[in-house]
2 protein chains.
Amino acid sequence: MRAGLPFGRVPLGQNDEMPDDETIQRVRNRWGEGDRLRIEILEGAGRLLSELGGEDGLTIRGVARAVGIAPASIYQHFADRAALIDGLVEYEFSLLMKAMTAADESLDPTDVMGRVRAQVHAHRDFADAKPGHYRLLFGKATRRAIRGERPVNGPLFEVFTSFIEAFDRCAEAGFALRVPSRRAASLVFVSVYGRAALLDGVRIERPDDDSLDDLVSLIFA
Amino acid sequence: MRAGLPFGRVPLGQNDEMPDDETIQRVRNRWGEGDRLRIEILEGAGRLLSELGGEDGLTIRGVARAVGIAPASIYQHFADRAALIDGLVEYEFSLLMKAMTAADESLDPTDVMGRVRAQVHAHRDFADAKPGHYRLLFGKATRRAIRGERPVNGPLFEVFTSFIEAFDRCAEAGFALRVPSRRAASLVFVSVYGRAALLDGVRIERPDDDSLDDLVSLIFA
DNA sequence: TCAGTAAGAAAACAATCGTTCGGTAACTCT
DNA sequence: AGAGTTACCGAACGATTGTTTTCTTACTGA
């Protein structure tokens, strides 16, 4: 229905459902701003991921529907579905890193232990706020590894390194660590991850938020 | 191809690929043993899950292919795809529980701390051996929770309770716990889970196996 | 004014999926 | 021997998917 309609002065995209409120009034991006759609696609995919809670229903057509464009338009920015999801993973990782460094830099640079906690909290809050995203981030590498493809440790490693550096700063500042900072980072990581995964998936006994701080305290002598 | 063939004295199932070695010589179960197929389906689904590493490709047709039966035959044992996956989750949970209780009972009943460690190790080994299964077990509840359906904490709670009881036995035997056994169980759970998830998905720095024992030791005063 | 290109849509393709419907062979019980 | 049941299969339906091909429109620079 409504085929061959000239477009441009008319809502973009086919919205077969919900002609309800006001039809999604997408307007075509102007010259040289075509890349903006790429981000809109990633954000639409992110929204969809939140609603669905998993990578499963994250289809090309679904994303196109969420953004309000035609499925074919996605192929201008992503080679195929896998590339779209890879792009989403990378995008979400960048958001996580941004949150962590923002938390880190919001504190007095000399407050090294506070900065460790700030990063941990930022990480935890990200996982709490967007469990679906978090699961995608840390679950994606697995499928890759199983298929023997290159792992996507890159962006993740950045996150990990950020923890290590935070602990290193503490050591340099004279705080005594019970374990090497690399191992400390690993411990924190495991705990944050485990808490997040358990909390959103299982909900046995809520590991209260303090427990992460306790862990950090425990690492220091 | 090969339609309308009388069956019974002839390999069951359509194996369009791999007429290679010897065609999968499935024979029809005898009278009253129809339920055996149910388990064969679950095991086939389990194998598929290991290969695929995720719930994604776990389709009715794929499972049927893996077992060597017709897709329609699955519907005699499972109402639909969701029921099949639910059944798989339950089945795998029972395997995990069986491994844990076996480890627990293999020890001298009075060695209460050893039994805690044995359960932790059994849990860890299950996760290491079948990461895909493990991920399915603890990821499944999430989608449910998001869709507002009843959570499947049942079988999982059994696992959790098993940890609690193990710690309770320690307390009764006179060992001093630094935290209540319920919280201790939660701690162990989070760590085992976090380690498993990180280890198979991310592979940053291998949290060595001793770290779990360290955690258990830490819980005791 | 006109060629060139950016931005995006419509429509169709093949593949795969879940599921249903109706069958057929083998076994058991009377 | 016949009726009923168990244990499956074959074929098809409709829906959805990823992807490709072929547009149309709008803007730019010369």
Side-chain angles (χ1 to χ4, degrees), chain A residues 1-17 24-41 44-45 48 52 55-65 67-86, chain B residues 1-17 24-41 44-45 48 52 55-65 67-86:
Chain A
M1 57 188 76
R2 204 174 91 258
L5 225 167
F7 82 140
R9 76 191 60 194
V10 132
L12 277 188
Q14 81 295 23
N15 51 336
D16 297 344
E17 67 248 27
I24 312 165
Q25 195 76 23
R26 263 197 56 80
V27 269
R28 179 205 261 256
N29 284 314
R30 280 174 306 180
W31 253 69
E33 297 187 349
D35 277 349
R36 286 183 47 180
L37 184 57
R38 191 191 140 90
I39 293 187
E40 284 186 65
I41 290 172
L48 210 57
L52 271 53
E55 182 192 348
D56 290 10
L58 214 62
T59 74
I60 289 263
R61 300 175 108 101
V63 171
R65 238 171 282 142
V67 181
I69 58 175
S73 303
I74 291 185
Y75 286 86
Q76 224 154 16
H77 299 278
F78 301 95
D80 51 15
R81 192 187 106 105
L84 170 60
I85 293 188
D86 283 0
Chain B
M1 55 188 78
R2 204 175 92 256
L5 225 167
F7 82 139
R9 76 190 60 193
V10 133
L12 277 187
Q14 81 294 21
N15 50 337
D16 297 343
E17 66 247 29
I24 311 165
Q25 195 77 23
R26 264 198 57 81
V27 270
R28 178 205 261 257
N29 284 314
R30 279 176 307 181
W31 251 71
E33 297 186 350
D35 278 348
R36 288 182 47 181
L37 185 58
R38 192 191 140 89
I39 294 186
E40 284 186 65
I41 290 173
L48 210 58
L52 272 53
E55 181 192 348
D56 289 10
L58 213 62
T59 74
I60 290 264
R61 299 176 109 103
V63 171
R65 236 171 283 141
V67 182
I69 58 174
S73 304
I74 291 184
Y75 286 86
Q76 224 156 15
H77 299 278
F78 301 95
D80 52 17
R81 191 185 107 105
L84 169 61
I85 294 188
D86 283 2

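FYI, side chains are in, hydrogens and waters are out, and symmetry mates aren't considered; it's all heavy atoms of this structure. Numbered from 1 within each chain, the chains take letters A, B, ... in sequence-line order.
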Pairing residues for A/S73 by the side chain to side chain contact (heavy atoms under 4.5 Å, CB included) criterion, not counting sequence neighbours
A/I69, A/A70
From C-beta outward on A/L37, which listed nucleotide comes closest to its side chain: C/dG8, C/dC21, C/dG18?
C/dG8
Residues that A/A79 engages under side chain to side chain contact (heavy atoms under 4.5 Å, CB included), provided they are two or more places apart:
A/A83
Closest heavy-atom contact between B/T59 and B/D56?
CG2-O, 4.5 Å
Roughly, in whole Å, what's the span from CZ in B/R38 to P in D/dC8?
14 Å
Could you give the CD1-to-P distance, from B/I74 to D/dC8, as a whole number of Å?
12 Å
Between D/dT21, D/dC9, D/dT19, which one does the side chain of B/A72 approach most closely?
D/dC9
Could you tell me how far apart A/Y75 (OH) and D/dG18 (P) are, to the nearest whole angstrom?
6 Å
With rounding to the nearest 0.5 angstrom, report the CD1 to CZ distance, B/I74 to B/R61.
10.5 Å
Closest heavy-atom contact between B/I60 and B/D80?
CD1-C, 4.4 Å
Using whole Å, report how far CD1 of B/I69 lies from P of C/dG18.
13 Å
Would you mind reading off the distance between B/E40 atom CD and D/dA7 atom C1', rounded to a whole angstrom?
12 Å
In whole Å, what is the span from the NE2 atom of B/H77 to the C1' atom of C/dT19?
16 Å
Which one, D/dC9, D/dA7, C/dG8, comes nearest to the side chain of A/Q76?
C/dG8
Starting from P on D/dT19, measure out to CZ on A/F78 and report it in whole angstrom.
13 Å
Nearest heavy-atom contact between A/L48 and A/G57 is CD2-O, 4.4 Å
Could you write out each protein N or O paired with an N or O of nucleotides 12-17 of chain D at a distance under 3.5 Å?
unit_1	atom_1	unit_2	atom_2	d
D/dT17	OP2	A/R65	NH2	3.2

Please state how far atom CG in A/D80 lies from atom P in D/dT20, giving the value in whole angstrom units.
8 Å
Any side-chain heavy atom of B/I41 within less than 4.5 Å of one from B/L37?
yes
If we ignore hydrogens and angles and just use 3.5 Å, is the side chain of B/R81 paired with the main-chain N or O of B/L58 as donor and acceptor?
yes
To the nearest 10 degrees, the angle between the two end axes of the helix from C/dT1-D/dA30 to C/dT30-D/dA1 (five pairs per end) comes to 0°
Out of C/dT19, D/dT19, D/dC9, minimum distance to the side chain of B/S73 belongs to D/dC9
